[in-house]
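What you are looking at is a predicted structure, and each value in this text was computed from that prediction instead of being measured. Reckoned from all heavy atoms, side chains included, excluding hydrogens, waters and symmetry mates.
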Amino acid sequence: QLQASGGGLVQAGGSLRLSCAASGRTFSTMALGWFRQAPGKEREFVAAVSRIAYRTNYADSVQGRFTISRDNAKNTVYLQMNTLKPEDTAVYYCAAGQTYRTTIATEYKSWGQGTLVTVSS
């Protein structure tokens with residue numbers, strides 16, 4: 001089970017850090033990802049991190065601004081979001097899957113509830 005938190009209202013150019021805490025013993029065996037869904041749009045891939053070696057994968061739209069990380073001791077994955085833009089406004093979801101390489105939402109099998117991020121201009 002995944003529980004996301006940390007969303008809120010921030011001005012353009014600001015920062016937020018999202019957290020996603022997981023329960024269960026399989027956390028360290030899963031790749032973890034963040035997706036987002038803006039009103040009227042499809043859910044889109046944001047970032048993912050591998051089970052070991054902490055390899056990462058980012059959407060082009062967030063590359064260089066967002067950083068995904070994980071702490072297996074705390075069963076938590078993070079998304080540090082810097083230089084936020086109004087177009088980053090969305091509900092952000094964390095998810096667990098088999099590989100960090102995939103950007104396809106249906107290939108992630110476990111999902112948390114979303115946390116809303118609103119970036120004002």
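Under the 3.5 Å distance criterion, the side-chain polar atoms of Tyr108 are matched with a main-chain donor or acceptor of Thr102. The main-chain N or O of Ala21 is never found under 3.5 Å from a side-chain atom of Thr76 such that the two would form a donor-acceptor pair.
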Is there a side chain to side chain contact (heavy atoms under 4.5 Å, CB included) between Arg36 and Arg43? Walk through the geometry before answering.
CA-CA 5 Å; Arg36 66 187 181 186; Arg43 191 168 297 190; over 6 Å; no
Residue pair Asn57, Arg55: steps toward the side chain to side chain donor-acceptor pair (under 3.5 Å) verdict
CA-CA 7 Å; Asn57 185 16; Arg55 295 186 178 94; over 6 Å; no
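Linking ILVMFWY residues whenever their side-chain heavy atoms come closer than 4.5 Å, directly or via other members, places Leu84 and Leu18 in the same cluster. By the rule that hydrophobic residues join a cluster once side-chain heavy atoms approach within less than 4.5 Å of another member, Trp34 and Tyr100 end up as members of separate clusters.
Just one of Val10, Leu16, Val46, Thr67 meets the side-chain contact (heavy atoms from CB on, under 4.5 Å) condition when paired with Met81; it is Leu16.
To the nearest 0.5 Å, atoms OG (Ser121) and NZ (Lys85) are separated by 14.0 Å.
Under a cutoff of 6.0 Å and an axis angle of 45°, Arg65 and Tyr58 do not form a cation-pi pair.
Residues passing the side chain to side chain contact (heavy atoms under 4.5 Å, CB included) test with Asp71, sequence neighbours excluded: Ala73, Lys74, Tyr78.
Phe66 and Tyr92 have tilted rings, their planes meeting at an angle from 30° to 60° on a 0 to 90° scale.
Counted within 6.0 Å of CD on Glu44, heavy atoms from surrounding residues, nucleotides or ligands total more than 12; the atom is thus considered enclosed. More than 12 heavy-atom neighbours from other residues, nucleotides or ligands sit within 6.0 angstrom of CD on Gln113.
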